[in-house]
Amino acid sequence: MPDVDETTITIILPDGSTQTHPAGTTGREIAEGIGAGLARDALAIKVNGEVRDLDRPLEEDAEIAILTWDDEEGKETFWHSSAHLMAEALQELYPEVKFTIGPPIDQGFYYDVDLGDQTLSADELEEIEEKMLELARRDVAYERHEVSKEDAVRHYEEEGNEYKLELIEDLEEGEISFYTQGEFTDLCRGPHIPSTGDIKAPKLLSVAGAYWRGDETNPQLTRIYGISFPKQKQLEDFLERRRLAKERDHRKLGKELDLFTFDTDQVGPGLPMWLPKGTTLRETLRDFLREEQLKQGYKPVTTPHIGRLDLYRTSGHYPYYKEDQFPPMIFDEGGEEGEEEGYLLKPMNCPHHVKIYQNDHHSYRDLPVRLAEFGTVYRHEQTGELGGLTRVRGFTQDDAHIFCTPEQVKDEFIDVIDLTIGVLDALDFEEFEAQISLRDPADKDKYVGRDALWDRAEQAIRDAVAETDLDAREEIGEAAFYGPKLDFMVEDALGREWQLGTIQVDYNLPERFELTYVDEHDERKRPVMIHRAPFGSLERFIGVLIEHCGGNFPAWLAPTQVQVIPVGDDFVDYAEEVAATLRAEDVRVEIDRSDETVGYKIREAETQKIPYMLVVGGREAEDGTVSVRSHAGGQQDTVSVDTFLSRVQDDLRPAFAGTT
RNA sequence: GCUGACGUAGCUCAACUGGUAGAGCAGCGCACUUGUAAUGCGCAGGUUGGCGGUUCGAGUCCGCUCGUCAGCUCCA
């Protein structure tokens, strides 16, 4: 070890090796010491866990890592700097622009700006993009300077930028810095990449409105989304991936595969109509879950689509959530004294299920009572929220309500988690996230139910999650007002996260409806209610499922499992025979009787993503065989119908992967 | 609900600055009778989302409205 004195520092690299350098050495110098390639790719440096500019001098011993495009933090820095570059371009093109914030995001960056009355179209985005490239080619450094709060305030008072002034208010003296590249200076904590020249391939993707600080009472700003890369090829790959993702969009596949349709004019927006093929898919999925639930002790119930307003007054849904419901059917306005009377389309199934629970007296020996219904509900979602099957106004929940004692909550939760994971596994959803939504202890007025019950429920969820090895993140303040919950989230083709399955503890409804059971000491007790839906809703689940498998459903779910293709008219009779044999074994089979070539019929079946195609002609009719082609594996071989059946038997039945 | 873009045949998309709305696929008909991803020919298909305005003339320009998409906000 060399002597260590005040002017020498020791750094530890990610591989554990150490180096000594004079104090004041920069990240860039260290990178150059390691290799020219790394120095060229270096974007920033991580010092004791903190990402910094490459050119900031190191004054103390530290663990460091040189960050490049291959590091998440390197990308973030790159995109943040790209946001500054876009801002500079905007400043040149629109001198009146006021900047607010411009952070990196998962895939790229955005900048929220106040453009006054100016709007931006696709053409203008291109123009900004051009300007960015022009500025990037000047290859100027991002320079950091620390400024006093007073100077920072003066700077933005002169510019008349109230947004930045508001941001500065929240900052402490001594932690304020500006970054400048070329003619553009921005309030910014940093860090940044060394130079604008590193940004070779910027692309502006879209423009949208966004509220200042995410509050809809604040002014609306223009948000410009973009992405950028160090190499042109990477941008091309990104655009290609995005194009492929759009191919998997369930709205596109839903049309192509004849699964569902909308008539927004006459039926209404957000009200999907399921075509025969989509309905087959939907009912297969429903039956799969229903059978599993019956095995697990759920009791099926059926309830009407409407209920009196009084039901929802008791539940608290009316009039509290009036805005989110279709307007009630009023048949008596009520007048001065009385309340209005009428019916409401049900926004959820729980009030009806509560009434079914109340149909009987319950002993602790009966509990848990598990009532299940694929119940269709209607919610008047905001117009801007509707989209495909993932956000609709009429949808069917795979709903069930479990009425149990407080002691039973944990075990019931474990069973539901197992059921949900089993369902997701059976459909090959490996990438899902679980989120435990807890109340915000600082804002207890928002929630109903006693503290002790909440604590107990939150702990029960944590314990249940721990016992199932589920990897769940906790989110404070995300609980429903009536209880904590566990949600299962899955991404769609465009990377948007959707809540599918949900398990929620509810103390509110048992209270409002004064539910009881009699315990072992002959005392009346309040049961706890658990709402749960492994799919969430069939609509959203199927929407995400379509994107997940790109329309290539597992054979057991495919609307048509087998397509029989006679090579000519003469062999339609034999095709009928084959189909009848398969149909007798509950295979969903169709015959292509069209007056087309074999090539055409194959193509047709392939584009419809039918799992198995059986080509039959003279040879097959003679031998009692079929020529098998699979969507997944192409042309296979010629076998007897029985051989084919036994081969695909397992494929055509769902396999529940749960632990029960 | 807010911001922006968009709305042409069942589907995918054309139609320069305003000048008679086109094509491919799908559909129907005829011929062909087919061997593993598109046989050929023909026919039909439209109040250019809706209402109003400007104009000699509107798919194209303007206003309103409905809807779709992206994002924001919301999400019992």
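In what follows, chains carry the letters A, B, and so on, assigned in the order in which the sequence lines appear, proteins first and then strands, with residues in each chain numbered from 1. Just so you know, these numbers use all the heavy atoms, side chains as well, and skip hydrogens, waters and symmetry mates.
R213(A) comes within contact range of no nucleotide atom at all, as no heavy-atom separation falls under 4.0 Å. Counting any heavy atom pair closer than 4.0 Å across all strands shown, K601(A) reaches no nucleic acid atom. E604(A) comes within 4.0 angstrom of nothing in the nucleic acid, heavy atoms only. T264(A) comes within 4.0 angstrom of the backbone, heavy atoms only, and of no base. Residue Y482(A) is classed as a sugar-phosphate contact, given heavy-atom separations below 4.0 Å to backbone atoms only. In this structure, Y110(A) reaches neither bases nor backbone, as no heavy-atom distance under 4.0 Å exists between it and the strands shown. Within 4.0 Å (heavy atoms only), Q325(A) reaches at least one base atom of the nucleic acid.
Counting distance only, with no hydrogens placed and no angle test, the side-chain atoms of Y211(A) and the base atoms of G1(B) include a donor-acceptor pair under 3.5 Å. A donor N or O paired with an acceptor N or O is found under 3.5 Å between the base of G35(B) and the side-chain atoms of E620(A). For R391(A) against C75(B), a side-chain-to-base donor-acceptor contact under 3.5 Å is present. The base of A70(B) has none of its N or O atoms less than 3.5 Å from a complementary donor or acceptor on the side chain of R223(A). With hydrogens and angles ignored, no donor-acceptor pair under 3.5 angstrom links the side chain of D324(A) to the base of C74(B).
A salt bridge links E475(A) with R473(A): at least one charged nitrogen is closer than 4.0 Å to a carboxylate oxygen.
G10(B) sits 31 Å from C61(B) when the C1' atoms are compared, rounded to a whole Å. Atom P of C25(B) sits at a distance of 26 Å from the matching atom of U20(B), rounded to the whole Å. Nucleotides A76(B) and A14(B) have their C1' atoms positioned 48 Å apart, rounded to a whole Å. Comparing A70(B) with G59(B), their P atoms sit 30 Å apart, to the nearest whole Å. The separation of A44(B) from U33(B), taken at their C1' atoms, amounts to 26 Å, rounded to a whole angstrom. Nucleotides A58(B) and A21(B), compared at atom P, are 11 Å apart to the nearest Å.
Between Y312(A) and H352(A), the ring planes are perpendicular. Angles over 60° get that label, and only those under 30° would be called parallel.
Because its NZ or CZ atom is not both nearer than 6.0 Å to the ring centre of Y318(A) and within 45° of the ring axis, R313(A) does not count as a cation-pi partner of that residue.
Picking from A37(B), U12(B), C72(B) the nucleotide with the shortest atom distance to the side chain of R603(A) gives A37(B). Considering only the side chain of V598(A), U34(B) comes nearest among A37(B), U34(B), C69(B). Out of U68(B), A38(B), G4(B), the shortest distance to the side chain of P269(A) is found at U68(B). Taking the side chain of H317(A) as heavy atoms from C-beta on, and the options U39(B), A76(B), G35(B), the nearest nucleotide is A76(B).
Going from atom CZ of R393(A) over to atom C1' of C75(B) covers 13 Å, rounded to whole Å. When rounded to the nearest whole Å, the span between CG of L389(A) and P of U68(B) equals 13 Å.
E497(A) CD: more than 12 foreign heavy atoms inside a 6.0 Å radius.
Partner assigned to A15(B) is none, using Watson-Crick or G-U wobble distances below 3.5 angstrom.
Judged by distance alone, the side chains of T560(A) and Q608(A) never bring a donor and an acceptor atom under 3.5 Å apart. No hydrogens or angles considered: a donor-acceptor pair under 3.5 Å links the side chains of Q504(A) and Y482(A).
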